[in-house]
Structure formats: C-alpha cells, structure tokens
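Worksheet: one structure, shown below.
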2 protein chains.
Amino acid sequence: MAVIDRRQQVLKAATKSFSLFGYKATTMDQVAKIANVGKGTIYTFFTNKEQLFDEILRDVTLEMKSIAEREIKRDKPFFDNLHRVLDALLDFRSEHELFIKLSQENREVGTPQAQEGLDKIENVVLEYLEREVEFAIRQGEIKPCDPKIISMVMFRLYIVLTAVLNKTHKPLSKEEIKTYFHLFLAEGLAL
Amino acid sequence: MAVIDRRQQVLKAATKSFSLFGYKATTMDQVAKIANVGKGTIYTFFTNKEQLFDEILRDVTLEMKSIAEREIKRDKPFFDNLHRVLDALLDFRSEHELFIKLSQENREVGTPQAQEGLDKIENVVLEYLEREVEFAIRQGEIKPCDPKIISMVMFRLYIVLTAVLNKTHKPLSKEEIKTYFHLFLAEGLAL
DNA sequence: AAGTGACCGGATTAGTAAAATGGTCAAAAG
DNA sequence: CTTTTGACCATTTTACTAATCCGGTCACTT
C-alpha cells in the first residue's frame with residue numbers, strides 16, 4: 001500500500017472521528033482503528049493530535065476556498081457571485097458536520113481546541129469575505145463601508161440563517177436562505 | 001423600616017451581585033450581607049434563589065419594555081421608532097451589565113441558570129420585536145416576510161454590533177451602530 | 001525500511017472526605 | 001404578636017487522592 005494512501009486513510013478516519021465525536025472524544029487509538037493502521041503509523045505523518053487536527057482544518061478551509069473560487073466570476077455582479085458561492089457551500093454537508101460538532105463541543109464541554117478550530121475556520125472565511133467585499137467596494141458595486149464589519153455581519157447572518165434559527169423555527173430551504181441573504185444585504189427591508 | 005423597602009433592598013443587592021459575579025458565584029449569604037438583612041428575611045419575600053433571579057430578570061425585561069414603549073410613537077415611521085428605541089436602550093448600561101455577565105458565565109462556566117436567564121431575556125425581546133415587525137408589515141412599512149426570522153436577525157445583528165465585534169474591532173459608537181443597523185435593515189448594501 | 005502495539009509518564013476521571021451553600025426555624029428583637 | 005435573625009441541617013460543590021486513560025515513543029516484527 002502506497003505511503004500517500006495510508007496518510008489519506010488516517011486523514012479520512014480522523015476527519016470522520018472529529019466530525020462524529022469532536023476533538024476531545026477522538027482518541028488516537030480510535031483513529032488508528034478506524035484507519036486500519038497501527039497507532040505509530042499516524043505519527044510518521046503527523047507530529048501530534050493537534051497538528052493532525054490542524055491539517056484537517058486546513059483541508060476543510062482549502063476545500064471551502066476552492067468551492068468559492070470555482071463559483072466566482074470576476075465579470076459577474078457581486079451578489080450574483082455571493083449567491084452562487086452560498087449555494088455551492090450549502091451543499092457541502094461534510095464541512096458543516098465538523099463545524100456543527102465543534103460548535104456543540106465548544107458549547108457543552110468547552111474544549112479549547114474546539115474553540116480554536118472554530119476561530120481558525122471563522123478567520124479564514126472572514127479574511128476571504130473581506131477581500132471580496134473590498135473588491136466589490138472598489139468596483140462600486142456596494143456602498144463604501146468598513147469591510148471588516150460587513151464581512152462579520154455576513155458571516156453571522158449565514159450562521160443565524162443556517163443554524164441558530166433551527167432551534168425555534170423549521171430549517172430554511174436553500175432558496176429561502178438565499179432570499180433572506182439578499183433581502184438584508186442587497187435590498188433592505190424598507191419599501 | 002417598611003416591608004416594601006426591605007424587599008427592594010434585597011432586590012437591589014441581588015441585582016448588583018448577579019451583575020457583578022454572575023448567578024453561581026452569588027451566594028444568599030452575600031446578598032443578605034449586601035442588603036444589610038438577615039438571610040432568613042430574603043426567604044420571606046422570595047421562595048428561593050431561582051425565584052429571586054427570575055424576579056430580577058422580570059424587572060429587567062419590564063424596564064426594557066417600558067423604555068421601548070416610551071420611545072415608540074405609533075404615528076412615526078417604523079425605522080424612526082427603531083432608531084429611537086435602540087438609542088435609548090444603548091444608554092441603559094445596567095441592563096447590559098447583567099446580560100454581559102450572564103453571557104460570560106454561560107461561556108466560561110456553563111451555569112444552566114445563566115443560559116436560561118439569557119434565553120428568557122432573548123424571548124421577551126424577540127416576542128416584542130415580532131409584534132412590532134408584524135405591525136410594520138400590516139402598515140405596509142416594510143416588506144411582507146416572516147416576522148420571526150426578521151426579529152431574530154435584528155436581535156443577532158444588535159448583538160454582533162454591540163458585543164461580538166468588540167473582540168476584533170474597536171467598539172462602535174452609538175451613531176455607527178445606528179448607521180449599520182439602518183444600512184442592513186433599511187437600505188441594503190447594493191448601490 | 002515500514003509498520004506496529006506494548007509500554008511510559010503525564011493528564012483526566014472516579015471516588016471520597018471536607019467545605020460551602022441553599023434553605024429552615026426556634027428563638028430574639030421590636 | 002409580628003418581624004427578623006443567624007445557628008443549624010441536608011444537600012451540593014470543592015479539594016484531594018487513587019485509579020484509569022490517552023498521547024506519544026520505540027524496540028521489535030514483518
């Protein structure tokens with residue numbers, strides 16, 4: 001079996017375990033078992049548990065970026081791009097699973113690594129959003145305002161519509177999420 | 001000393017302690033001491049710690065409602081009212097202190113009563129917002145859309161602008177908060 | 001050379017005794 | 001007699017310790 005394969009196996013097993021049980025409840029023995037690999041093997045590819053976690057986080061954010069980049073057409077309007085990226089992102093349940101599990105772990109157990117992981121993902125998304133917003137402002141597509149604030153609000157709005165709302169409300173469909181996103185960010189509520 | 005006074009003393013002392021130390025770290029002995037009252041006296045007015053906490057939460061939300069009602073003029077536009085209520089609410093630091101302390105306690109220690117308290121406040125605000133939004137929709141002042149979602153987004157937007165943002169950004173002024181509130185809810189970002 | 005799992009030491013958990021706290025009530029104060 | 005009080009009780013929380021678990025290593029197997 002190729003070296004690259006074993007590494008990939010470990011990565012896949014660890015992703016599964018982190019998404020299913022969270023950071024703390026994922027043991028290296030368990031990862032080894034799921035990956036059908038001796039525990040020592042893991043340590044030939046990754047220096048320790050945190051670094052393995054980091055690597056997965058990096059993969060997740062890279063995947064998200066790649067999804068975004070695939071959808072963004074520089075010649076299309078900002079909100080057009082935003083909607084297409086949102087659409088594509090909403091289909092990627094695997095990214096969300098890890099995100100949701102870490103949120104839960106952070107809430108219920110308060111594992112520092114879960115919080116750090118969430119912050120890392122959030123930062124990548126925010127940085128990315130910020131750049132796009134800056135570009136849109138330069139293009140004169142949206143009003144000139146602080147990109148940091150805009151991207152923060154966009155991110156939180158996304159969380160509210162996809163996750164928070166589900167506690168008191170039936171989950172929104174992809175279409176509804178896009179509609180509300182557009183309503184707040186592009187049109188405003190006023191008639 | 002009048003009975004009503006002693007009750008008020010206890011209420012004031014407890015509010016102070018809950019705002020300063022949170023729910024868990026507030027002991028009944030301490031409340032009695034701050035209120036200059038025997039511990040037993042507290043139990044002549046309140047059945048137990050939770051009920052005392054509830055009473056304070058009720059007072060806080062009543063105060064918020066009263067602030068809101070004072071500012072709302074039924075003949076003025078919705079966003080006009082919204083801004084004036086926001087303005088008045090942002091001045092009420094005492095309400096915010098308890099809210100912020102409970103948020104912190106919930107995050108750091110996870111005291112269930114802190115979470116419940118926050119939920120109670122949130123629910124009161126959401127119900128109130130929902131009614132106002134419904135009214136504005138009937139008046140044809142804002143677009144017809146689900147009031148539950150609108151009020152939830154409004155509430156979270158408020159939290160983001162007043163609290164969450166402060167971790168990565170310098171706190172916004174009252175004027176800035178109002179501007180961004182208007183930008184997202186009334187105008188939208190698009191040019 | 002690559003892969004493994006028994007093994008090690010530090011970290012976490014379970015178990016328990018001691019301390020703290022919510023709530024009561026007999027007695028003191030008014 | 002009514003109101004107030006703080007010592008007291010039962011339960012919860014905390015501090016401490018022993019037992020277990022888990023991340024990481026490495027001598028041994030394949």
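Computed from heavy atoms alone, side chains included, the values below leave out hydrogens, waters and symmetry copies. Order of the sequence lines fixes the chain letters, A, B, ..., with proteins taken first and strands second; residue numbering starts at 1 for each chain.
To the nearest angstrom, P of dC21(D) lies 15 Å from NZ of Lys24(A). In this structure, the CZ atom of Phe53(A) is 16 Å from the C1' atom of dG23(D), given to the nearest Å. Taking atom CZ on Phe46(B) and atom P on dG22(C), their separation rounds to 15 Å, with Å as the unit. Regarding Asn36(B), its CG atom lies at a distance of 9 Å from the P atom of dT5(D), rounded to whole Å. If you measure from atom CD1 of Ile42(A) to atom C1' of dC22(D), you get 12 Å, rounded to the nearest angstrom.
Just one of Asp87(A), Thr162(A), Thr179(A) meets the side chain to side chain donor-acceptor pair (under 3.5 Å) condition when paired with Lys174(A); it is Asp87(A).
Residues passing the side-chain contact (heavy atoms from CB on, under 4.5 Å) test with Thr47(A) are Gln51(A), sequence neighbours excluded. Judged as a side-chain contact (heavy atoms from CB on, under 4.5 Å), and not counting sequence neighbours, the contacts of Glu63(A) are Ile67(A), Phe92(A), Glu95(A). Legend: residues meeting side-chain hydrogen bond (donor to acceptor under 3.5 Å, both in side chains) with Glu130(A), ordered by chain and number and at least two apart, are Lys148(A).
Among residues at least two apart or in separate chains, salt bridge (charged side-chain N to carboxylate O under 4.0 Å, His left out) pairs with a member in residues 13-30 of chain B are Asp29(B)-Lys39(B).
Residues of residues 105-118 of chain A having a heavy atom closer than 4.0 Å to DNA chain D: none are found.
Closest non-hydrogen pair, Val31(B) versus Val10(B), comes out as CG1-O, 4.1 Å.
Using a 4.0 Å heavy-atom cutoff across all strands shown, Lys33(B) reaches no nucleic acid atom at all.
Geometric assessment of Lys49(A) against the ring of Tyr23(A) yields a positive cation-pi assignment under the 6.0 Å and 45° thresholds.
Taking side-chain N and O atoms only, Arg6(A) has no distance below 4.0 Å to OP1 or OP2 of dA2(C).
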Return the polar atom pairs (N/O with N/O) between nucleotides 23-30 of chain C and the protein under 3.5 Å, or none.
| residue | atom | partner | partner atom | Å |
| --- | --- | --- | --- | --- |
| dG23(C) | OP2 | Tyr43(B) | OH | 3.0 |
| dG23(C) | OP2 | Lys49(B) | N | 2.7 |
| dG23(C) | N7 | Lys39(B) | NZ | 3.1 |
| dG23(C) | O6 | Lys39(B) | NZ | 2.4 |

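The nucleotide whose nearest atom lies closest to any side-chain atom of Thr27(B) is, among dG22(C), dT14(D), dT5(D), dG22(C).
Checked for salt-bridge contact, Arg84(A) and Asp80(A) meet the test: a charged N lies under 4.0 Å from a carboxylate O.
Under 3.5 Å, the side chains of Asp5(B) and Gln9(B) contain no donor-acceptor pair of N or O atoms.
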